[in-house]
Amino acid sequence: MSYSKEIDRKWQKKWDENKLAAFDEKRIADKLYVLEMFSYPSAAKLHVGHWYNYALSDSYARMKKMQGREIFQPMGFDAFGLPAENYAIATGIHPQDSTNDSINSMRGQLKEIGGLFNWDAELATCNPDYYRWNQWLFLQLYKNNLAYRKKAPVNWCPSCLTVLANEQVESDGTCERCHQEVVKRNLTQWFFRITDYAEELLNCLDDLDWPDKTKKIQTNWIGRSEGATIKFGVEKDGEKVYLDGEELTLSVFTTRADTLYGVTYLVIAPEHDLLDSLITAEQSAVVEAYQERTAHLSEIERQSVTREKSGVFTGSYAVHPLTGEKVELWTSDYVIAQYGTGIVMAVPAHDERDFEFASTFALPIRTVIRPKAENDHWQVRDSAFVQDGILVNSGEHSGLNSAAARKAIVRELSQSGCGEETIQYRLRDWLVSRQRYWGTPIPIIYCDKCGTVPVPEDQLPVELPYDVEFKPDGKSPLAKAEDFINTRCPLCGGPARRDPDTLDTFVCSSWYMFRFVDNKNDQAAFDSKKVNRMCPVDIYIGGAEHAAMHLLYARFITKVLRDLGYLDFDEPFTRLIHQGVILGPDGNRMSKSRGNTISPDPYIETYGSDVFRLYLAFGFAYTEGGPWSDDGLRAIARFVQRIESFAADEITSSLTPSMPQELSADDKELNRVRHHSIKEVTKDAERFQFNTSVARLMELLNALQKYSKAPQAKPELTLDVLSDFIKLLAPFAPHFAEELWQQMGHEQSVFLSGWPQYDESALDLDTVEIAIQINGRILDRIHVPAAASEEEIRDIVSSLSDFETWLDGKTVRKWIVVPKRLVNIVVA
RNA sequence: GCGGAUAUGGUGGAAUUGGCAGACACGCUGGAUUUAGGUUCCAGUGGGAAACCGUGCAGGUUCGAGUCCUGUUAUCCGCACCA
């Protein structure tokens with residue numbers, strides 16, 4: 001029987017019956033939690049990217065199983081989210097129905113991969129038995145002051161009357177559906193205080209076995225910077241401003257307190273909460289027009305340095321905390337409310353953006369730092385001087401260097417209560433409210449009498465109602481579901497309203513790795529004892545696009561649950577691997593519009609899943625990905641056929657594999673290739689470098705074929721090596737290898753047969769070829785005994801007949817001998 | 001704009017982390033087998049007639065650089081409401 005999809009089915013059924021993937025609690029000491037990022041159940045079928053992630057992670061897991069680890073590799077579905085809702089709006093098919101259909105079809109396709117997945121642990125985030133605990137998690141954060149509400153802008157399409165995701169806004173700022181201009185609207189929304197954990201999230205990165213680039217991305221995303229918060233007074237129409245009975249001040253964050261005397265104006269973000277209280281009557285028209293204009297811009301556009309600076313004067317003045325000088329307060333879109341305090345002190349002489357802004361609007365530019373090499377009369381002219389230097393025109397601080405001045409100025413400010421040293425993070429709190437239907441309802445009730453009231457935990461889940469009008473018409477879908485939205489206050493029993501929003505789906509994915517361990521628990525999100533035994537996840541595999549957000553949120557929630565006493569570890573994912581992206585045959589990202597998508601199904605049908613998996617293993621550097629190639633896949637199909645016909649020739653029932661007593665040179669060479677392959681396949685698969693693992697398997701097959709053709713070949717040795725070959729092949733072609741293993745006469749699965757060990761002594765060659773270089777140029781290659789010492793190699797080389805010719809009359813200055821590699825003779 | 005990465009034959013990709021660049025394949029060329037095509041098998045295959053030259057480009061460090069440093073170009077990815 002030649003390898004085909006029938007073989008796949010046969011073994012999938014057997015593995016299922018024999019519970020090959022089951023996790024044995026008794027062997028927990030050897031547990032290995034292998035997790036792939038769970039998938040979004042879209043209407044489309046399993047694509048090449050899913051296979052690339054799941055099949056090859058499974059190959060890793062299978063190798064580890066053969067090495068004696070007890071594998072826990074669960075599967076689930078990240079089932080809430082925007083696409084299902086958009087699909088529903090377009091087709092009228094309810095998200096729950098389309099999602100359930102997708103899950104069922106994806107589950108079937110996932111099984112065709114033939115992975116050792118623990119299906120008992122399956123979960124889908126859209127089921128009430130999952131999102132109930134999502135709500136519980138929200139309440140824990142709420143109770144511990146880690147969830148709060150504040151205003152934040154959303155994208156609003158005035159024509160579709162709906163909130164848009166950033167993804168739904170075209171690059172020109174229009175709605176993807178109706179192409180009308182999108183505006184920003186401020187809504188009160190829930191946030192998680194991830195910034196409370198900024199320092200720890202940063203510090204713990206060091207100890208993680210994660211790719212350096214991911215650590216860098218997270219480090220920059222958290223963005224720690226040391227500086228000072230400085231308070232400026234405010235005057236509007238010549239008087240101080242009071243808000244809720246308190247005198248208003250403007251706090252700015254700066255890393256350059258040394259430039260404080262150079263402040264010639266302040267800039268506040270156009271969408272800043274305080275701005276409305278600071279606009280004078282005469283300026284109100286221009287400022288409001290400007291705010292309106294800014295609402296149409298994206299953050300990326302606003303931060304572009306190449307854009308011409310724009311802004312308007314608010315009419316109010318800021319009061320300098322040291323000099324008491326009045327400087328103008330402007331508003332401009334290059335300042336963003338979410339960053340820092342949303343207000344910046346502008347020092348045009350020493351900051352490029354401020355310089356440009358001041359030049360555009362003829363605001364004063366005051367030099368307060370000079371280069372060390374210049375004298376005190378030096379002035380900034382054509383561009384800002386942004387480096388550290390010596391202070392000038394800075395009162396008693398003049399003459400200090402920048403570093404000393406930063407300390408001195410902040411000390412002086414702190415004495416008058418106008419400033420303090422501050423560590424600022426770029427990281428912002430996590431906005432979790434979504435004005436959408438297909439998500440976890442936020443378990444909060446608003447009562448006119450009692451205010452914001454959390455839903456009592458014994459009343460969870462707050463179920464997502466099925467019959468809802470999710471077509472956009474200006475209101476949140478849940479806000480229109482009268483039966484849902486109107487409720488009773490849990491405290492006073494009076495009429496109250498539920499929060500109409502749902503939670504960001506990143507909340508679901510921030511703790512699912514713990515639920516897998518205890519997915520049927522209806523008393524708690526999970527049993528801490530179980531999770532503490534099974535977690536953290538030993539190895540987590542998924543796309544690099546999650547480097548910043550998902551992975552940071554999951555780390556944050558892990559630390560919160562730890563601090564609340566539910567977990568006894570600090571980090572959710574010990575080791576992390578990112579797979580690359582498989583591109584279309586044309587080298588572009590696969591997309592329907594380009595027509596370059598590759599569907600796995602026909603290939604599985606024609607070649608079988610193992611050929612598909614082997615090709616994915618061999619054709620790409622795993623973490624890089626690359627363009628799809630049908631030729632590459634056919635090459636693998638040939639490799640499988642070669643194995644098959646070789647095995648058919650060699651496997652006979654009359655022979656048992658064994659090592660001969662005496663080894664001929666050919667025997668030794670075959671044995672050497674075998675052990676070299678064992679060593680390299682193991683090492684490369686351990687670091688997810690499957691392409692070279694498969695290359696070594698090809699070499700071993702080549703060696704086997706060459707050996708077996710020789711008249712002196714010993715069939716029992718051929719079989720012995722073939723036996724190891726099948727084991728090494730098994731993780732990468734599980735069904736096919738299992739079939740061959742059975743043909744070899746084994747009753748038990750190859751995955752229970754143990755992983756081959758390499759014999760270091762078998763790797764040794766008698767002689768090795770080394771290169772001879774003179775001043776780095778290769779002149780010859782010679783064979784020397786592998787065990788030769790540096791001195792011996794030197795002697796061999798200097799006694800060669802060509803030696804004097806190579807020297808060309810020059811003197812040897814230095815010998816560099818790299819054993820088993822080369823000799824470099826430095827002459828002059 | 002900010003942040004992250006990548007660049008090696010005609011192609012996918014290797015290179016024990018500073019030590020013989022191009023492993024393993026694809027493709028191509030020639031040959032054998034075959035009624036033909038396909039399959040299979042054998043040989044060759046970075047460029048160059050050669051000296052030599054070759055890892056995006058320009059410098060540098062080193063006995064020695066694909067690998068380290070500086071600069072530069074090009075391409076790709078992420079940027080907080082896609083997941």
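Atoms considered below: every heavy atom in the structure, side chains included; atoms not considered: hydrogens, waters and symmetry mates.
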Student: For every nucleotide of nucleotides 75-83 of chain B, 5' to 3': is a protein heavy atom under 4.0 Å from its base (B), only from its sugar-phosphate (S), or from neither (-)?
Tutor: --S-BBBBB

Student: What is the ring orientation for A:Phe357 with A:Tyr334, classed by angle as parallel under 30°, tilted 30 to 60°, or perpendicular over 60°?
Tutor: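 A:Phe357 vs A:Tyr334 ring planes: tilted.
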
Student: Take the angle between the ring planes of A:Tyr540 and A:Phe573 and call it parallel below 30°, perpendicular above 60°, tilted in between.
Tutor: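 Geometry flag for A:Phe573 against A:Tyr540: parallel rings.
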
Student: Does A:Tyr197 use its side chain to pair, donor to acceptor, with the backbone of A:Arg555 at less than 3.5 Å?
Tutor: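 Not at all, since once roles are kept as given, no pair shorter than 3.5 Å links the two residues.
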
Student: Between A:Arg638 and B:G27, does any side-chain N or O lie under 4.0 Å from OP1 or OP2?
Tutor: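 Result: yes.
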
Student: Given the rule in the side-chain hydrogen bond (donor to acceptor under 3.5 Å, both in side chains) test, do A:His578 and A:Thr214 qualify, once you have shown the distances and angles that lead to the verdict?
Tutor: CA-CA 9 Å; A:His578 295 304; A:Thr214 311; 2.8 Å; yes

Student: Can you tell me which stems RNA chain B forms when a stem means 3 or more consecutive Watson-Crick or G-U pairs under 3.5 Å?
Tutor: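 For RNA chain B the paired stretches long enough to count as stems (3 pairs minimum) are B:1-7 with B:73-79, B:10-12 with B:24-26, B:27-32 with B:40-45, B:56-60 with B:68-72.
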
Student: Pair up each side-chain donor or acceptor in residues 774-782 of chain A with any protein partner under 3.5 Å, not counting sequence neighbours, and list the distances.
Tutor:
unit_1, atom_1, unit_2, atom_2, d
A:Asn775, OD1, A:Val827, N, 2.9
A:Asn775, ND2, A:Val827, O, 3.3

Student: Look up atom CE in A:Met37 and atom OH in A:Tyr54, then write down how far apart they are to the nearest 0.5 Å.
Tutor: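 A:Met37 atom CE to A:Tyr54 atom OH measures 9.5 Å (nearest 0.5 Å).
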
Student: Which pairs, protein N/O on one side and nucleotides 42-47 of chain B N/O on the other, fall under 3.5 Å?
Tutor:
none

Student: Tabulated below should be each protein N or O lying under 3.5 Å from an N or O of nucleotides 13-15 of chain B; please produce it.
Tutor:
unit_1, atom_1, unit_2, atom_2, d
B:G13, OP1, A:Gly625, O, 2.9
B:G13, O3', A:Asn691, ND2, 3.0
B:A14, OP1, A:Asn691, ND2, 3.1
B:A14, O5', A:Asn691, ND2, 3.4
B:A15, OP1, A:Gln689, NE2, 2.9

Student: Please tabulate the protein-to-nucleotide N/O contacts below 3.5 Å involving nucleotides 61-65 of chain B, giving atom names and distances.
Tutor:
unit_1, atom_1, unit_2, atom_2, d
B:C63, O2', A:Asn824, ND2, 3.4
B:C63, O2, A:Asn824, ND2, 2.6

